Amino acid sequence: MSKPKPKERSATENNSQTPARASKRTVPPARARRSLYTPAEVHEIFRRFCVQRPEPKGELEHVNAFTLLVAVVLSAQATDVGVNKATRALFTIADTPQKMLALGEEKVGDHIRTIGLWRNKAKNVIALSQALIQDYGGEVPGDRDELVKLPGVGRKTANVVLNMAFGQHTMAVDTHILRIGNRIGLAPGKTPEQVEAELVRIIPDEYMRHAHHWLILHGRYVCKARKPDCPACVIADICKSPEKTTSVPAPLVELVPQDIPQSL
């Protein structure tokens, strides 16, 4: 393994960033303790994740930026599987803000009734659809500050949409990433904002496009909340968690579809 160059930027480089580039790596001001890992170790962690899942995909089903936004809003306190079951029929008849608004709150509620907090979420879906039509010409904005103005949209939701729909280098910190950041010391922090800031600081640019998906999938299927599956971990030898049960990494091979567990 060749040792990668540390991730550094000179003052000149920072000052010469284009607005588009800067927006991709915008981080919150709060920052907690630094990562326990060296730049070389961080690079190797994400290199292995890349080998394992070269093109990771989000598990929320959607057909465009609008349906992705709606799906992420609905996923709060709900599973991806549950959201997908509820939205398959909904998105076939309402895949634009205009169609969703025309459908109305009651009918949207009928489609998502199996999802937790469905009444409030139906109101938010209709309200954000109306806001998109009135303020953004029916298009989902590719800007975090604009996205978080929409009903039901917080920073995590905005980061998911910016990453998946617009290809921006954002880090959406969910419960899995918050847990991993602290459990293995990759990005210690008391809040999602602190973990986000440290991850964006340490992850090499070449891996930022898919980094949040890799971490979510690793947390969902390997570094699980109740009992981490350390023998299945491809970074077990690098991991600094006191909870780990082995230092022998799992074989580093690309996962084919049949090897990837279904969402629970």
Side-chain angles (χ1 to χ4, degrees), residues 6-9 22-50 52-53 56 58-60 72-73 75-80 144-145 147-148 152-164 166-230 233-236 238-244:
K7 181 181 176 184
E8 297 179 349
R9 293 188 180 89
S23 66
K24 289 183 179 180
R25 300 304 296 267
T26 300
V27 299
R31 180 175 291 165
R33 293 180 290 116
R34 293 297 181 98
S35 174
L36 300 181
Y37 299 80
T38 66
E41 289 172 328
V42 174
H43 189 282
E44 178 61 10
I45 286 171
F46 286 93
R47 185 194 72 81
R48 294 186 192 182
F49 286 160
C50 183
Q52 189 179 47
R53 293 183 173 91
E59 296 182 331
L60 286 173
V72 180
V73 167
S75 70
Q77 300 182 45
T79 66
D80 289 355
R144 183 188 291 110
D145 292 339
L147 282 170
V148 296
V153 178
R155 185 181 182 88
K156 184 186 77 172
T157 296
N159 280 341
V160 172
V161 173
L162 291 174
N163 180 270
M164 294 181 63
F166 298 96
Q168 295 188 23
H169 291 183
T170 56
M171 175 57 62
V173 177
D174 70 348
T175 56
H176 295 299
I177 297 181
L178 185 66
R179 179 177 69 254
I180 290 175
N182 284 283
R183 173 184 278 166
I184 74 173
L186 183 63
K190 294 182 179 180
T191 67
E193 291 77 16
Q194 290 175 339
V195 173
E196 176 189 344
E198 186 66 354
L199 287 172
V200 172
R201 185 186 75 82
I202 66 173
I203 297 173
D205 287 342
E206 65 189 287
Y207 297 125
M208 272 301 298
R209 177 67 177 86
H210 295 307
H212 99 268
H213 277 133
W214 285 322
L215 289 171
I216 288 172
L217 294 171
H218 187 67
R220 182 172 292 168
Y221 299 123
V222 180
C223 200
K224 303 173 186 178
R226 292 185 179 180
K227 186 178 181 181
D229 188 3
C230 296
C233 180
V234 296
I235 63 168
I238 306 173
C239 177
K240 300 180 188 296
S241 172
E243 298 178 42
K244 74 177 184 179

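FYI, side chains are in, hydrogens and waters are out, and symmetry mates aren't considered; it's all heavy atoms of this structure. Nothing here was measured: the structure is a model prediction, and the numbers come from that model.
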Separation between CD1 of Ile45 and SG of Cys239, rounded to the nearest 0.5 Å: 8.0 Å
Interatomic spacing from SG in Cys223 to CD1 in Ile177 - rounded to 0.5 Å: 12.0 Å
Under 3.5 Å donor-acceptor, Ser35 side chain and Ala187 backbone: no
Val72 vs Met164, side chain to side chain contact (heavy atoms under 4.5 Å, CB included): CA-CA, chis, key distance, verdict: CA-CA 11 Å; Val72 180; Met164 294 181 63; 5.9 Å; no
Main-chain N/O of Arg34 paired with Arg201 side-chain donor or acceptor, under 3.5 Å: no
Lys156 vs Asp174 side-chain heavy atoms within contact, under 4.5 Å: yes
Arg53 vs His210 side-chain heavy atoms within contact, under 4.5 Å: no
Heavy-atom donor-acceptor pair, Arg209 side chain to Asn163 backbone, under 3.5 Å: yes
Test item: Glu206 and Cys50 side chains (from C-beta on) under 4.5 Å apart, heavy atoms: no
Beyond-backbone contact of Ile184 with Tyr37, side-chain heavy atoms, under 4.5 angstrom: yes
Heavy-atom pair of closest approach, residues Val200 and Met208: CG2-CE, 4.2 Å
Reported CG-to-NE2 distance for the pair Asp229 and His218, which is rounded to 0.5 angstrom: 9.5 Å
Nearest atoms (heavy-atom pairs only) where Pro228 meets Arg183: CG-NH1, 3.3 Å
Ring geometry between Tyr207 and His43 (parallel below 30°, tilted from 30 to 60°, perpendicular above 60°): perpendicular
Shortest non-hydrogen separation from Asn159 to Glu196 and the atoms involved: ND2-OE2, 3.4 Å
Shortest non-hydrogen contact from Cys230 toward Ala236: O-CB, 4.1 Å
Spacing of CG belonging to Leu60 relative to OG1 belonging to Thr79, to within rounding of 0.5 Å: 9.5 Å
Criterion side chain to side chain contact (heavy atoms under 4.5 Å, CB included) on Lys224 and Lys227, from CA distance to verdict: CA-CA 6 Å; Lys224 303 173 186 178; Lys227 186 178 181 181; 5.9 Å; no
Side chain to side chain contact (heavy atoms under 4.5 Å, CB included) between Leu217 and Phe49, worked out: CA-CA 10 Å; Leu217 294 171; Phe49 286 160; over 6 Å; no
Main-chain N/O of Phe46 paired with Trp214 side-chain donor or acceptor, under 3.5 Å: no
Minimum heavy-atom distance between Asp205 and His169, given as atom pair plus value: O-CE1, 3.7 Å
Sidechain-backbone polar pair: Arg155 side chain, Arg144 backbone, donor-acceptor under 3.5 Å: no
Under 3.5 Å: donor-acceptor pair, side chain of Lys240, backbone of Gly185: no
Pro192 to Val173 - nearest heavy-atom pair and separation: O-CG2, 3.7 Å
Atom pair CD/CD of Glu44 and Glu41 - distance to nearest 0.5 Å: 9.5 Å
Flag side-chain contact, heavy atom, 4.5 Å: Leu186 against Ile202: yes
Test item: Glu59 and Arg220 side chains (from C-beta on) under 4.5 Å apart, heavy atoms: yes
Gap separating the CG atom of Leu178 from the OG1 atom of Thr191, nearest 0.5 angstrom: 8.0 Å
Side chain to side chain contact (heavy atoms under 4.5 Å, CB included) evaluation trace for Leu199 with His212: CA-CA 9 Å; Leu199 287 172; His212 99 268; over 6 Å; no
